[in-house]
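Please read these numbers as outputs of a predicted model, since none were measured by experiment.
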Amino acid sequence: KVPYFKKGNLSPVGLFYTGDEPIGNVKEFLEGLVTVQDESGQMVAEIMDPKENCSILDMCAAPGSKTFHMASKINNKGKIVAIDLYEHRIQLLKNQIKRLGATSVIPVCYDSTKLLEKYQEESFDYVLLDAPCSGYGVVRRKPDLLVNIDQKDLDGILSLQKELIDVAVKLVKKQGTLVYSTCTYSVEEDEKMINEELAPSFLGGNDDNSQLENFDYYPPVIEEVSITQDVTPATPYMSINDNMSEVEDIYSLLCDNVSS
């Protein structure tokens with residue numbers, strides 16, 4: 001027990017950091033025992049709940065908080081392919097791998113819309129699509145979003161989300177798990193995207209909505225105190241108390257007789 005960490009409000013493995021010293025200077029951080037992650041963001045890996053010795057694809061991984069939470073969940077036993085489009089963001093992942101000792105994470109610089117050129121269909125037990133989005137759920141941290149995103153930008157985001165979904169549903173195994181998450185509460189990017197794009201992809205164009213019972217929808221998670229922190233494999237996640245609120249929509253799609 002460390003006096004400057006206390007149990008989180010939302011995540012079952014989250015702790016709040018209450019110390020006066022910057023978290024980056026704290027012994028536990030320097031030793032790779034903790035890393036920063038929003039508490040609501042921790043719920044993504046908790047809902048996915050990956051098991052040891054599995055294969056995981058993180059399609060939009062950097063800077064990696066959810067990636068390394070998944071590494072913690074599998075006790076660093078298995079393979080997590082962490083994709084990002086930009087090399088400088090891949091370097092962020094590599095730095096964290098070294099600090100946390102997360103050897104199960106394999107960083108790959110690639111365009112996730114083209115992953116079917118690199119991997120065969122049904123290659124992964126778990127797929128996380130933490131999709132690029134409008135980010136309205138983190139508007140307290142990034143208030144400029146309210147003035148900097150117009151309809152043209154949103155149309156581009158929606159188109160990209162659809163492309164990524166089409167790839168994700170093909171790469172997850174038939175008895176695997178796909179989790180689609182965003183940090184926005186936009187209906188177009190969340191409920192509508194699920195109902196009109198993701199669910200039909202699983203149903204293969206079949207209008208039999210009875211299949212939708214295979215899908216779990218987790219509504220927006222609202223937390224009064226945000227920033228939580230990751231940990232290296234087998235250690236609890238932790239969080240920083242910064243009095244910031246966060247909203248994260250999490251959609252978990254469990255593939256029974258469909259394809260994710």
Side-chain angles (χ1 to χ4, degrees), residues 10-11 14 35-50 55-74 80-86 89-90 92-93 96 102 104-113 115 124-138 141-142 145 157-169 171-172 176-186 188-191 193-194 197-198 201 215-221 223 226-230 237 246-254 260:
L10 176 65
S11 169
T35 187
V36 177
Q37 185 186 20
D38 292 336
E39 190 173 24
S40 59
Q42 291 182 22
M43 298 307 296
V44 173
E46 290 301 310
I47 286 169
M48 175 179 276
D49 195 25
S55 58
I56 302 173
L57 173 66
D58 189 346
M59 295 180 65
C60 306
S65 58
K66 295 178 180 69
T67 311
F68 296 109
H69 190 171
M70 291 187 292
S72 175
K73 295 288 289 183
I74 65 173
I80 303 175
V81 177
I83 307 290
D84 201 271
L85 182 59
Y86 301 105
R89 290 172 63 82
I90 289 293
L92 296 176
L93 292 171
Q96 288 287 71
S104 59
V105 177
I106 304 168
V108 177
C109 188
Y110 210 79
D111 183 346
S112 281
T113 64
L115 284 176
F124 297 93
D125 300 305
Y126 299 86
V127 172
L128 170 59
L129 174 51
D130 187 39
C133 67
S134 59
Y136 292 140
V138 293
R141 188 186 316 162
K142 301 177 181 178
L145 289 171
I157 290 169
L158 293 171
S159 177
L160 177 57
Q161 289 171 346
K162 292 173 184 177
E163 282 189 79
L164 292 169
I165 284 172
D166 185 57
V167 174
V169 297
L171 287 175
V172 71
T177 298
L178 167 62
V179 174
Y180 172 82
S181 65
T182 74
C183 58
T184 187
Y185 42 80
S186 160
E188 285 184 280
E189 298 173 77
D190 296 336
E191 290 89 341
M193 189 64 65
I194 291 297
E197 300 295 331
L198 192 45
S201 295
F215 306 133
D216 293 331
Y217 162 60
Y218 296 85
V221 173
E223 54 177 300
S226 183
I227 302 193
T228 23
Q229 315 167 3
D230 276 351
Y237 266 57
E246 178 87 20
V247 177
E248 181 124 18
D249 285 341
I250 301 169
Y251 302 87
S252 177
L253 303 179
L254 306 180
S260 137

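- Within the 4.5 Å cutoff, no side-chain heavy atoms of V127 are placed close to those of I56.
- Tested against P132, the residues L160, L85, T182 include a single side chain to side chain contact (heavy atoms under 4.5 Å, CB included) partner, L160.
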- Item | Residue pair M59, D130: steps toward the side-chain contact (heavy atoms from CB on, under 4.5 Å) verdict | CA-CA 7 Å; M59 295 180 65; D130 187 39; over 6 Å; no
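- Under a 3.5 Å cut-off, the side chain of T184 and the backbone N or O of C133 do not form any donor-acceptor pair.
- The backbone N or O of D125 sits less than 3.5 Å from a side-chain atom of S55, completing a donor-acceptor pair.
- Residues Y126 and M70 are not in side-chain contact: their nearest non-hydrogen atoms beyond the backbone lie 4.5 Å or more apart.
- Annotation: side chain of P63 is in contact with side chain of R89 (closest heavy-atom distance under 4.5 Å).
- Here the shortest heavy-atom pairing between G64 and L93 reads CA-CD2, 3.6 Å.
- Remark: the backbone N or O of T113 is paired with a side-chain donor or acceptor of D111 at under 3.5 angstrom.
- Here E189 contributes atom CD and L158 contributes atom CG; the two are 5.5 Å apart, rounded to the nearest 0.5 Å.
- By the 4.5 Å heavy-atom criterion applied to side chains, I83 and I90 are not counted as neighbours.
- For the pair D84/C60, no side-chain contact is recorded, criterion being any heavy-atom separation below 4.5 Å from C-beta on.
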